[in-house]
> 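I am attaching a structure below and will ask some questions about it afterwards.
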Amino acid sequence: SQYLRKWYIPLGRGKKWRLFELLPVLLALACVWIYGIIMTEAGGYDNSSAATQAACRTDQTSVLKNTPWFRFPYPGQWGTIIFTWGSVLTMFAGAISAMVESLGDY
């Protein structure tokens, strides 16, 4: 993102998209996953140890299901959702102040 931030992707009609400035982390993750898929399909991990295969192969379908630190959140998983006037007014004040501050940016 530091070296490629001045590169733009032309979209037509004089518009440009700053891909390397706006999404560097997602772009890096996508590149690493694509590289892992290519290496898996080409057989690059076939002669590796079991630990390397477990960490690098992309054809394992139960990776997210067996990972203890990843789970899908759902509403109310820590109890019943409670709304109080204090919390509503606090969030409203924060939203209004964020809108006022960002007014000068646009």
> Taking all non-hydrogen atoms of both residues into account, name the closest pair between R18 and Y8 and its distance.
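Answer, listing the atom of R18 first, then Y8: CG-CE2, 2.9 Å.
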
> How close do Y45 and G36 get, counting heavy atoms only, and between which atoms?
CE1-O, 4.3 Å

> Do the side chains of M91 and I82 join up, straight or via other hydrophobic residues, at under 4.5 Å, putting them in one cluster?
no

> Does N47 CG have over 12 foreign heavy atoms under 6.0 Å away?
no

> Quick check: is L27 connected to I34 through a chain of hydrophobic side chains (ILVMFWY, heavy atoms under 4.5 Å apart)?
no

> Nearest heavy-atom pair of P75 and I81: which atoms, and what distance?
CB-CD1, 4.4 Å

> Side-chain heavy atoms under 4.5 angstrom apart, residues restricted to Ile, Leu, Val, Met, Phe, Trp, Tyr: same cluster for F92 and M99?
yes

> According to a hydrophobic-cluster definition based on side-chain heavy atoms being under 4.5 Å apart (Ile, Leu, Val, Met, Phe, Trp, Tyr only), do I9 and W7 belong together?
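They do share one cluster, since a chain of ILVMFWY contacts under 4.5 Å joins I9 to W7.
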
> If two hydrophobic side chains count as joined below 4.5 Å and joins carry through other members, does V32 share a cluster with L23?
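No, V32 and L23 fall in different hydrophobic clusters.
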
> Is a donor on one side and an acceptor on the other found under 3.5 Å between the side chain of T90 and the backbone of G86?
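Such a contact is found between T90 side chain and G86 backbone.
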
> Quick check for you: to the nearest 0.5 Å, what is the distance between L11 atom CG and K16 atom NZ?
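Taking CG in L11 and NZ in K16, the distance rounds to 10.5 Å.
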
